[in-house]
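Report on the following structure.
Below, read A as the first sequence line, B as the second, and so on, with proteins coming before strands; counting in each chain starts at 1.
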Amino acid sequence: MTANRESELDRLLRELPGTVGPTSQAGVIRCNCGAAEMLAAVRSLVAVSGRLADMFAVPVAPSKDHSGSLQRVTVFALDRLGVYVQLSSPITDGATEAFTTVIPGAYLEECEIFELWGVVPEGGTPLNRVLLPPSRETSGPLRGSRHRARSAWAPTEVRAPQVVQGEAFEFPVGPVRGAAQESLYLGLVTTGEELLDAYLALFHKHRGIEHRLVGLAPEQALFLVERCEGQGAVGNALAFARAVEAAIGLAVSEPAARTRALALEMERLYNHVASVAAVCQATGLVVGQAAMEILLEDCLRLNATALGHRYLFNVVAVGGVQHGCDVAALEASLAGICDRFSDSLAALLATNSFVDRLENAGIVSAAQATRLGLVGPIARAAALDLDSRRDHPWNGHYLGLGVATEPDGDVLARLRVASKEVAETERLVRHWLRSSELLDISDMPGQPLGGPFETGPAEGLGWCESPRGEALAWVRVAGGRVGAARLRPASVRNWRAFDDALRARNVFTDVAIVEASFWLTVAGFAR
Amino acid sequence: MTRRGTSSPSLDATAPVRAVSVREAADELHRRSVQAFGRSLHIRTVDTGSCGACEAELRLLSSPRYDLHRLGLFFAPAPRHADCLMVTGPGTFAMDHALMTTYEAMPDPKIVVAVGACPMGGVFGPDEYTHSDLSAQLPVDVYIPGCPPSPLALLQGLLLALDRSQARRHGQPELGA
């Protein structure tokens with residue numbers, strides 16, 4: 001960090017209301033605020049371009065039945081200064097001051113906190129349902145209700161009713177959709193062809209994973225964290241593992257850290273290939289779809305050969321990795337896959353009938369992306385120069401990283417960003433392969449985790465740049481077990497822009513194209 | 001494997017897939033589909049809370065490496081036209097209504113296939129969010145293990161489902177009974 005940045009950070013911390021705690025974790029500043037000081041602190045951070053990265057409520061002390069007092073944890077990313085600021089404040093009388101007046105992007109988090117804990121954001125906009133179906137009680141259903149009769153709240157309605165008037169009508173899509181698509185409900189408001197509005201309901205798949213993690217040993221918890229979002233297993237597992245390691249002060253060896261980074265890039269590669277295949281399918285370009293699906297299958301087989309699993313499960317471990325890397329297999333196949341991707345995409349972008357479908361479809365402007373706090377390729381395609389690999393580095397793996405941005409914010413821009421990121425992924429992986437600091441498949445796992453840890457209650461924040469953008473995880477470890485946990489895959493931040501993108505001068509047939517270009521998972525949101 | 005423990009071919013999701021195996025399994029699937037239903041097999045999928053990896057593998061069944069359309073295997077756009085229901089995920093309560101509506105809308109004879117570890121109860125236990133085991137909701141014909149099961153494992157699971165369906169129609173003891 002340069003001297004200018006350090007002095008700017010010092011000045012900010014001096015002016016921040018509340019008490020700045022000890023900075024035991026590199027890249028994270030913890031601050032305790034009174035409930036009355038929180039809004040002022042939030043304004044201070046927004047004034048220095050602080051980006052709301054996450055907000056959630058947790059019990060102050062670990063308790064299995066979720067009783068006891070709560071605190072609100074708010075995480076801001078100061079990307080320019082390379083730090084996360086974590087504000088903790090007590091929740092009193094079941095209410096908090098709403099942040100949506102200052103940060104519109106806090107809306108979904110305030111809805112989540114209300115649904116999970118019954119905490120009302122005062123002075124904000126009316127809440128909507130995001131995690132639990134409308135049939136579920138609204139006054140903190142999880143508190144003390146883990147053994148409630150299970151069928152008591154099973155809904156008989158698959159949508160969140162909305163009122164649509166005039167000549168428009170709501171065209172229902174889902175929750176059971178086309179072949180092997182994830183469940184969600186999409187209410188498309190239309191007069192026939194043009195999309196006027198869209199309602200999105202993602203609560204059908206909520207599995208309560210964060211609550212299931214409580215009481216598990218960290219390595220057991222990692223099993224569920226990976227299954228929170230199958231196509232983002234490495235990103236979420238890495239963020240969670242790093243949070244646990246920060247909490248208990250566990251160091252990771254350099255070869256293991258680099259192997260993790262490699263797995264993350266392999267995840268990025270196959271996801272970007274899959275997203276292009278999905279865009280081709282949505283536009284009806286079967287030849288392009290077939291070319292990309294062949295590449296996708298090759299990527300998955302390479303994952304299985306080089307790192308042990310098609311979707312890279314069981315690679316990341318707390319304290320290291322569980323699986324070494326078959327360097328020879330990667331060297332033999334990677335360049336070919338990337339070259340074929342590049343050639344196929346060049347052919348696609350030279351196909352006017354294809355490109356015409358993508359231009360000006362599903363536009364997310366830079367202002368919208370900033371206001372909603374978007375991350376990842378969607379934000380970068382809207383001209384936001386964000387990438388936590390560069391902005392919040394935890395080692396030197398990403399020195400000289402080229403961050404791809406595009407100015408237009410439409411589907412085509414997102415496709416171009418994916419293309420550039422695949423090229424950058426190839427460059428990074430080839431560099432690491434040459435550096436010979438990877439754990440080879442013949443090596444044993446980096447540092448097997450011994451447990452339980454005899455540590456007092458400690459918190460940690462973990463992050464990484466997953467294929468869909470910045471993934472965050474927060475964990476409190478006590479007595480070698482997870483006392484409280486929060487998972488925030490990139491999908492949680494980015495789905496909120498989907499209905500905005502649909503409203504931007506689109507027609508019915510654009511919906512599938514926009515969804516494919518977003519390449520988000522419902523599972524990541526409904527964790 | 002079936003619910004009653006019929007032995008099944010190797011379903012190792014991480015094993016490299018041999019092209020010849022795919023062709024043999026696919027041809028066999030086509031033959032049995034025609035035998036069982038007198039026509040092609042139409043599949044409806046329902047996601048009841050999966051992590052999305054099972055869906056990704058199911059989608060790859062249509063990709064050129066597997067290309068099940070050439071065998072007369074199709075994903076049905078509506079449950080009314082489906083013979084086989086493939087269910088992923090641990091069965092969230094919020095999907096109960098949609099799952100049962102889909103199942104009831106399918107014409108008889110129909111087969112139910114549980115895809116992956118989740119509907120076997122292998123990932124999430126029964127609690128206030130999920131049923132865990134699909135058999136708590138529907139009569140399951142075949143479980144396809146794997147997290148997620150590879151496309152080839154899905155193919156083999158469909159073969160087994162067709163066997164059971166055919167045996168049931170002809171009044172023979174079901175495989176694994």
Side-chain angles (χ1 to χ4, degrees), chain A residues 132-133 135-136 142 145-148 150-151 153-158 174-183 203-209 211-212 223-224 226-233 274 277 289-291 293-294 296-298 300-301 304-305 308-311 313 521-524 526, chain B residues 12-17 43-67 74-79 86 88-99 101-102 115-118 123-131 146-148 150-151:
Chain A
L132 302 173
S135 58
R136 189 92 184 236
L142 284 174
S145 71
R146 290 183 70 81
H147 303 294
R148 180 169 298 165
R150 298 201 299 268
S151 59
W153 60 272
T156 54
E157 177 62 89
V158 296
V176 181
R177 302 193 294 159
Q181 286 187 298
E182 286 191 277
S183 295
F203 49 69
H204 304 88
K205 293 180 60 169
H206 179 56
R207 292 149 289 166
I209 290 180
H211 293 273
R212 292 174 192 269
F223 176 86
L224 286 185
E226 285 182 334
R227 282 145 187 87
C228 149
E229 186 182 34
Q231 294 177 89
Q289 180 192 349
E293 284 179 344
I294 289 171
L296 173 59
E297 179 64 25
D298 290 350
L300 296 175
R301 291 183 189 185
T305 307
H309 192 281
R310 284 165 67 88
Y311 292 87
F313 289 2
T521 67
V522 183
Chain B
D12 181 3
T14 64
V17 179
I43 298 169
R44 185 72 174 161
T45 63
V46 177
D47 162 22
T48 65
S50 85
C51 70
C54 287
E55 275 67 34
E57 295 292 51
L58 280 166
R59 283 196 297 271
L60 279 172
L61 283 174
S62 310
S63 73
R65 290 277 192 241
Y66 302 96
D67 191 15
F74 297 97
F75 288 112
M86 297 186 88
T88 60
T92 58
F93 288 105
M95 280 299 292
D96 275 5
H97 183 65
L99 177 65
T101 306
T102 302
V115 177
C118 284
V123 178
F124 301 98
D127 64 4
E128 63 178 308
Y129 297 100
T130 57
H131 292 278
C147 190
S150 68

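- For the set B/Gly89, B/Pro64, B/Cys54, B/Cys118, the entry with the most heavy-atom pairs within less than 4.5 Å of chain A is B/Pro64.
- Ranked by non-hydrogen atom pairs under 4.5 Å with chain B, the options A/Arg227, A/Gln231, A/Glu293, A/Arg207 are led by A/Arg207.
- Chain B forms more heavy-atom pairs under 4.5 Å with one residue of A/Ala180, A/Ala291, A/Ala523, A/Gly232 than with any other, namely A/Ala180.
- A donor-acceptor contact closer than 3.5 angstrom links the side chains of B/Glu55 and B/Thr88.
- No hydrogens or angles considered: a donor-acceptor pair under 3.5 Å links the side chains of A/Thr521 and A/Glu229.
- Using bins of under 30°, 30° to 60° and over 60° for the plane-to-plane angle, the ring pair A/His206/B/Tyr129 lands in the perpendicular bin.
- Contacts between A/Ala526 and chain B at a heavy-atom distance below 4.5 Å are absent for every atom of the residue.
- Looking at every heavy atom in both residues, B/Phe124 comes nearest to B/Thr130 through CB-OG1, 4.1 Å.
- Chain A forms more heavy-atom pairs under 4.5 Å with one residue of B/Gly91, B/Ser50, B/Pro90, B/Ala76 than with any other, namely B/Ser50.
- Using a 30° and 60° split on the angle between ring planes, A/His309 and A/Tyr311 fall in the perpendicular class, above 60°.
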